[in-house]
Amino acid sequence: MNISHYKTNTGYGAALLKSEKMLARERNVKSRVKYLKKHFGSFQNKKFLEIGSHEGLLLKELKKQGAHVLGIEPSEYAAN
C-alpha cells in the first residue's frame, strides 16, 4: 500500500459525508466501548491510543468517559 496515496485520498474521507455510514460507525463505537468496558471497567484516567482513528468517534466517546486519548490518522482528509 502506498501511504502517500492513502494520506491524500479524498475519496476515502468522502464517506464521512454519508449519514448512513456515520450511523453505522456510531453503532460500531457503542459496541467497541461496551467491549472495552468489560475489560477495563472505568475509563477514568486510562490511556488509549487508536491507530487509524478516522474522524475520532471512539476517542471522543472514551474522552467523554474520562480517558486520556490520542489518535493517529494518516489520511489528512479524514483527520480534518
Side-chain angles (χ1 to χ4, degrees):
M1 174 192 222
N2 180 344
I3 193 68
S4 63
H5 170 74
Y6 177 78
K7 187 175 181 180
T8 59
N9 183 354
T10 58
Y12 171 77
L16 292 172
L17 303 176
K18 298 181 180 166
S19 62
E20 65 276 2
K21 288 190 178 186
M22 284 298 288
L23 291 173
R25 279 201 277 283
E26 288 170 0
R27 283 191 305 272
N28 178 273
V29 165
K30 288 178 184 177
S31 173
R32 291 165 58 189
V33 167
K34 183 178 177 182
Y35 174 82
L36 291 170
K37 255 196 198 288
K38 179 179 172 183
H39 294 283
F40 290 97
S42 169
F43 297 134
Q44 197 66 36
N45 295 318
K46 300 258 184 356
K47 295 179 181 178
F48 291 90
L49 167 65
E50 184 179 29
I51 300 172
S53 56
H54 209 256
E55 70 273 70
L57 292 176
L58 176 62
L59 299 177
K60 288 176 189 173
E61 185 58 37
L62 293 173
K63 188 173 183 176
K64 279 196 283 186
Q65 297 188 36
H68 300 281
V69 299
L70 176 64
I72 298 172
E73 176 52 62
S75 168
E76 291 173 3
Y77 187 86
N80 287 331

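If you're wondering where the values come from, they're calculated on a predicted model, not measured in any experiment.
Note: the hydrophobic cluster containing Val29 also contains Phe40 (ILVMFWY, side chain heavy atoms under 4.5 Å, direct or indirect links).
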I'd like a table of donor-acceptor pairs (distance under 3.5 Å, sequence neighbours excluded) in which one partner is a side-chain atom from residues 56-65, with atom names and distances.
unit_1: Glu61; atom_1: OE1; unit_2: Lys64; atom_2: NZ; d: 3.2
unit_1: Glu61; atom_1: OE2; unit_2: Gln65; atom_2: NE2; d: 2.8
unit_1: Gln65; atom_1: OE1; unit_2: Lys37; atom_2: NZ; d: 2.9

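Residue Lys38 holds its NZ atom at 7.5 Å from OH of Tyr35, rounded to the nearest 0.5 Å.
Taking all atoms of both residues into account, the shortest heavy-atom contact from His54 to Glu73 is N-OE1, 2.6 Å.
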